[in-house]
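First, the structure itself, so that you have it in front of you.
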Number of protein chains: 2
Amino acid sequence: MKTLIVDDDLALADVLSFTMRRAGFEVIMAHDGQSALDRWSDNNPDLIILDLNLPKLDGLKVCQQIRAQSNTPIIILTVRGEEDDVVKGLELGADDYIVKPFSPRQLVARAEAVLRRVTTSPVSPAPIQVGELTLDPLRSEVHCGNEGLVQLTKLECKLMETLMINRGSVLPIETLIDSVWGPSAGDRVMLKQLVYRLRRKIEPNPSKPKYIQTVAGVGYTFET
Amino acid sequence: MKTLIVDDDLALADVLSFTMRRAGFEVIMAHDGQSALDRWSDNNPDLIILDLNLPKLDGLKVCQQIRAQSNTPIIILTVRGEEDDVVKGLELGADDYIVKPFSPRQLVARAEAVLRRVTTSPVSPAPIQVGELTLDPLRSEVHCGNEGLVQLTKLECKLMETLMINRGSVLPIETLIDSVWGPSAGDRVMLKQLVYRLRRKIEPNPSKPKYIQTVAGVGYTFET
DNA sequence: CTTCGGGGTAACAAGTCAGTAACAAATGGT
DNA sequence: ACCATTTGTTACTGACTTGTTACCCCGAAG
């Protein structure tokens, strides 16, 4: 169910909630900006409609606070002539705005357009964190906690991912080869190369291996 | 010229059309709901006034059909006590309703209000703002905050929109191709081209990419 | 002490891919 | 039907990634 919070100080609140209910939204009324904030955290809605002319709390502030805590889409209502506020609202992270007076179907259309946008945004694979190292598989980047990020190549990233996921346990050479190149491809020498190159990137000091440990004759392991 | 279709089964049809003509509308008479539909497609009017008590065809059905084919604004006429129908009409996408008997001045005012709504605010896509860039998908324009606006082509605009909506996350090549050309069309080379052309328009300085970041081997991301 | 094997290092070659550009085809407005 | 713009195609370049080969070092076994 698509949930929606509106502000009932708005003169058009009943028309609005009626329209949106008809369009399949669950509408939660809030009595002022602050309570919109409260209700937001209580109900975790899919969409928030904010009136910029909130009596008790500046609508822009509410917008900012909501955006600071989540990326719930926000539609701003405004009266004509407040173009400055609209710009500010969009800068603060609002997703759309509607100028009063608005037509019901326009409101519905916009609400659904906004929802379409946010729901179609792809889910990114979660970064893997071990110790002070964080691997972002999508960007092939390693963030080194205290400082600096390193760009990895695709293969380096794949190897790193495998090692980090199975941290602590020793991964045989063959296993690693398979996980990087797939079965029936790659060989020991290439893996050696890859480990070497990866180490140079994430272990500035070559003398004592900080993360990737060699287990002679068997394989490698990732230690925190 | 503002064009308007009314239904002449309406008892007040002549008063109505007289009033509206005086207010500067061109009035097209229709003999019943069906012919209102026909005339609508013939004349592509700016506004339609529908009587719910159409004799031959249910006014609500007409409303629904019209709305299914366009978003031409609709005003519903109703007699007092038909609140249910009004509700249904609004549900079906009507923009306003007027209770009979109505005063001519009120009718004109409402008609113009409705027109103002639909003409003064963009209907579907809202501007998207990220950082100092604002994309107007309707006009395919990018405003660059401090200075200047750039005209984009359709494809450039689509790409820009996708990137801005998903700002911060890495969009794989395939995803971008789908979002611009749809599935089973387009290829990497064309996307490369498109990115190249878009960059030349929004990033005057080619040396350091300001917005569109390349993630080698994966895709692109829009950074603020 | 020498030999042998495996890992680490390095240099180099081959391959891949993004950026760039020029040009051709398609589209759209007059 | 013509012109301008947009879109699709092909090709080249340079940077970076990946694969290949060789050599060094060190410890263990003969």
Side-chain angles (χ1 to χ4, degrees), chain A residues 137 139-142 150-161 163 170-182 184-221, chain B residues 137 139-142 150-161 163 170-182 184-223:
Chain A
R139 291 172 199 259
S140 297
E141 282 173 357
V142 170
V150 186
Q151 278 292 340
L152 302 184
T153 70
K154 273 205 301 285
L155 296 186
E156 286 161 1
C157 178
K158 196 81 195 69
L159 175 61
M160 187 76 174
E161 193 181 341
L163 288 171
V170 179
L171 299 175
I173 304 263
E174 300 302 333
T175 305
L176 290 172
I177 291 176
D178 284 359
S179 87
V180 174
W181 286 275
S184 67
D187 59 24
R188 283 153 199 269
V189 186
M190 277 161 60
L191 181 66
K192 231 172 39 174
Q193 261 305 312
L194 197 59
V195 171
Y196 171 61
R197 283 165 174 156
L198 180 56
R199 273 180 170 151
R200 290 225 301 198
K201 286 191 179 177
I202 67 171
E203 293 173 356
N205 185 355
S207 59
K208 63 179 184 77
K210 211 172 165 190
Y211 302 109
I212 303 176
Q213 305 286 5
T214 305
V215 181
V218 186
Y220 299 88
T221 181
Chain B
R139 303 187 165 279
S140 294
E141 283 173 356
V142 169
V150 186
Q151 277 291 342
L152 302 184
T153 68
K154 273 201 303 286
L155 296 185
E156 286 162 359
C157 179
K158 195 80 195 69
L159 174 61
M160 187 76 174
E161 190 182 344
L163 287 171
V170 179
L171 299 176
I173 305 259
E174 302 302 334
T175 304
L176 291 172
I177 291 176
D178 283 0
S179 87
V180 174
W181 286 275
S184 67
D187 59 22
R188 282 153 199 269
V189 187
M190 278 161 60
L191 182 67
K192 240 175 26 177
Q193 260 305 313
L194 198 60
V195 170
Y196 172 61
R197 284 165 173 155
L198 180 56
R199 273 182 171 149
R200 290 223 302 197
K201 287 191 178 179
I202 67 170
E203 293 173 356
N205 185 357
S207 59
K208 64 179 184 76
K210 211 171 165 189
Y211 302 109
I212 303 176
Q213 224 75 23
T214 305
V215 181
V218 185
Y220 298 89
T221 182
F222 194 91
E223 303 278 333

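In what follows, chains carry the letters A, B, and so on, assigned in the order in which the sequence lines appear, proteins first and then strands, with residues in each chain numbered from 1. What you are looking at is a predicted structure, and each value in this text was computed from that prediction instead of being measured.
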Practice problem: State which residues pass salt bridge (charged side-chain N to carboxylate O under 4.0 Å, His left out) with B/R139; sequence neighbours excluded, sorted by chain then number. | Solution: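 None.
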Quiz item: In chain order, what residues pass the salt bridge (charged side-chain N to carboxylate O under 4.0 Å, His left out) check against B/E141, with sequence neighbours excluded?
Solution: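 For B/E141, no residue satisfies salt bridge (charged side-chain N to carboxylate O under 4.0 Å, His left out) once neighbours in sequence are set aside.
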Quiz item: Does anyone know the first and last nucleotide of DNA chain D in reach of chain B, 5' to 3', at under 4.0 angstrom to a heavy atom?
Solution: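 Boundary nucleotides touching chain B, in 5' to 3' order, are D/dT6 to D/dT10.
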Self-check item: Close side-chain approach of A/I202 and A/I212, heavy atoms under 4.5 Å
Solution: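 In short, these two side chains touch, coming nearer than 4.5 Å.
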Quiz item: With side chains defined as the heavy atoms from C-beta onward, is the minimum distance between A/W181 and A/M190 less than 4.5 Å?
Solution: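 Of all side-chain heavy-atom pairs linking A/M190 with A/W181, at least one is under 4.5 Å.
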Self-check item: Which residues share a salt bridge (charged side-chain N to carboxylate O under 4.0 Å, His left out) with A/R197, sequence neighbours left out
Solution: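 Residues passing salt bridge (charged side-chain N to carboxylate O under 4.0 Å, His left out) with A/R197: none at all.
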Self-check item: Qualifying residues under side chain to side chain contact (heavy atoms under 4.5 Å, CB included), relative to B/R200, sequence neighbours excluded
Solution: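 Scan of B/R200 (side chain to side chain contact (heavy atoms under 4.5 Å, CB included), adjacent residues dropped) gives B/Y196.
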Practice problem: Decide yes or no for A/L171 and A/Y220: does some side-chain heavy atom of the first lie under 4.5 Å from some side-chain heavy atom of the second? | Solution: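 Not in contact.
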Quiz item: Which letter, B, S or -, goes with each nucleotide of nucleotides 21-30 of chain C from 5' to 3', with contact meaning a protein heavy atom under 4.0 Å?
Solution: BBB-------
Quiz item: A/L198 has an atom CG; how far is it from atom C1' of C/dT9, in whole Å?
Solution: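 For the pair A/L198 CG and C/dT9 C1', the rounded distance is 15 Å.
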Quiz prompt | Distance test, side-chain N/O of A/R188 to OP1/OP2 of C/dG6, below 4.0 Å | solution =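 Negative; the distance criterion is not met.
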Quiz item: Hey, which of these two, B/K192 or B/E156, hits DNA chain D nearer its 5' end, going by closest nucleotide?
Solution: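 On the 5' side of the pair lies B/E156.
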Quiz item: Nearest-Å distance, CG (A/D187) to C1' (C/dG6)?
Solution: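 From A/D187 CG to C/dG6 C1': 14 Å.
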Quiz prompt | Counterpart residues, side chain to side chain donor-acceptor pair (under 3.5 Å), relative to B/K201 (two or more places apart) | solution =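 Partners of B/K201 under the side chain to side chain donor-acceptor pair (under 3.5 Å) test: B/E156.
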Exercise. Return the angle between end axes of the helix from C/dC1-D/dG30 to C/dT30-D/dA1, with five pairs used per end and rounding to 10°.
Key: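 Result, rounded to 10 degrees: 20°.
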Practice problem: Quick one: label B/L155 by what it contacts on the DNA or RNA (base, sugar-phosphate, nothing), any heavy atom closer than 4.0 Å. | Solution: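 It contacts sugar-phosphate atoms only.
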Practice problem: Check side chain to side chain donor-acceptor pair (under 3.5 Å) between B/S179 and all other residues, then give those that pass, not counting sequence neighbours. | Solution: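 Side chain to side chain donor-acceptor pair (under 3.5 Å) check on B/S179 returns B/T162.
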Quiz item: Using a cut-off of 4.0 Å on non-hydrogen atoms, how would the nucleic acid contact of B/V189 be classed: base, sugar-phosphate, or nothing?
Solution: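 Result for B/V189 = base.
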Exercise. Applying side chain to side chain donor-acceptor pair (under 3.5 Å), name anything that partners A/T175, two or more places apart in sequence or on another chain.
Key: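 Expected list: none.
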Quiz item: Who pairs with B/V215 by side chain to side chain contact (heavy atoms under 4.5 Å, CB included), at least two apart in sequence or on another chain?
Solution: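 Expected list: B/V170, B/V218, B/T221.
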Quiz item: For the pair made of CE in A/M190 and P in C/dC12, what is the distance, rounded to whole Å?
Solution: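 In whole Å, C/dC12 P lies 21 Å from A/M190 CE.
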